[in-house]
Amino acid sequence: VRYGIAALFLAVILLATTRIPRINRRDLLVISVLGIFMFTGFPFFMARALEDTTAARGALLFASMPLITIVIGALFRVEPLTPIKAAAVALVGTATALGERVGPAAPDALRGDVFMFIAVLIAAIYNIGARRYLIRYGALTVTVWTMLLGSAVLMGLAFTRRRADDLHLQQGVADDHADERGDYRRPQPDHRDPARRRRAGRTGHTARARRFRADRRRHPAGQLDPAP
């Protein structure tokens with residue numbers, strides 16, 4: 001959301017202060033792909049990383065973005081990798097590996113570090129890939145277009161995921177009400193769809209477990225109703 005809001009403000013500034021250059025169709029396609037790649041992948045992996053790793057380790061990896069950009073640039077022969085730059089990259093890698101011992105506070109810190117590294121790698125690739133278009137069309141024009149498009153795709157994915165979670169929650173509430181009424185009959189799933197068959201199996205297992213707990217609550221001594 002914040003990228004979308006920032007893009008709207010930048011678009012107003014772009015329309016008010018400069019003349020929008022005409023972008024070549026081929027360049028527009030590449031810029032669009034870069035925008036979706038950057039402003040969809042980077043926020044997702046960064047947010048996912050902070051669910052597992054600590055803020056200090058995430059900040060350390062995030063601060064290595066210029067150095068990772070240097071490495072990517074050297075691989076694509078955009079910028080030479082000097083011995084000083086190589087030493088700086090090695091220093092950041094060593095500091096990350098020998099950083100704070102998180103212990104039980106963040107048992108999955110290594111997984112979070114991997115996600116954060118992917119986010120930083122996405123940003124570095126974007127910096128290298130967008131360089132020529134930033135020079136050709138201007139930083140403001142490219143930034144507005146990439147942020148608007150990437151934010152729109154990310155918001156669409158977020159609303160789709162939210163809708164799926166809401167439907168799953170509603171189904172769970174309906175199952176709870178059915179268990180309370182003692183109505184355990186469920187509609188037959190469409191076994192032609194493998195995904196629905198797997199969901200039906202998981203739901204059926206959950207319903208049997210709920211019925212067992214409900215029977216134990218009605219009969220504390222352990223004398224259960226005979227099966228129909």
Indicate, with yes or no, if [Y] and [X] share a hydrophobic cluster defined by side-chain heavy-atom contacts under 4.5 Å among Ile, Leu, Val, Met, Phe, Trp and Tyr.
X      : Y      : result
Leu15  : Ile13  : yes
Leu157 : Tyr3   : yes
Leu8   : Val144 : yes
Val30  : Leu28  : yes
Met147 : Ile125 : yes

Counting neighbours of CZ on Arg48 that are heavy atoms of other residues, nucleotides or ligands and sit closer than 6.0 Å, is the number greater than 12?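 Yes, enclosed.
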
Residues, nucleotides or ligands: over 12 heavy atoms within 6.0 Å of Arg136 CZ: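 Count over threshold, so yes.
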
Contact summary for [X] and [Y], nearest pair of heavy atoms:
X      : Y      : answer
Ile122 : Met38  : CG2-CA, 4.0 Å
Phe42  : Ala119 : CD1-O, 3.1 Å
Tyr133 : Val142 : O-CG2, 3.4 Å
Met116 : Leu61  : CG-CB, 3.7 Å
Ile72  : Ala124 : CG1-CB, 4.3 Å
Val120 : Met65  : CG1-CA, 3.6 Å

Separation between [atom1] of [X] and [atom2] of [Y], rounded to the nearest 0.5 Å:
X      : Y     : atom1 : atom2 : result
Leu29  : Arg25 : CG    : CZ    : 11.5 Å
Thr40  : Phe45 : OG1   : CZ    : 11.0 Å
Ile36  : Ile31 : CD1   : CD1   : 12.5 Å
Asn127 : Thr69 : CG    : OG1   : 4.5 Å
Phe39  : Leu34 : CZ    : CG    : 10.0 Å
Thr143 : Leu10 : OG1   : CG    : 7.0 Å

Would Thr146 and Tyr126 count as having a side-chain donor-acceptor pair, cut-off 3.5 Å?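 Note: Thr146 and Tyr126 side chains meet the donor-acceptor criterion.
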
Would you call Thr53 and Phe115 a side-chain contact if the rule is heavy atoms closer than 4.5 Å?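 When only atoms from C-beta onward are counted, Phe115 and Thr53 do not touch, as no gap falls below 4.5 Å.
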
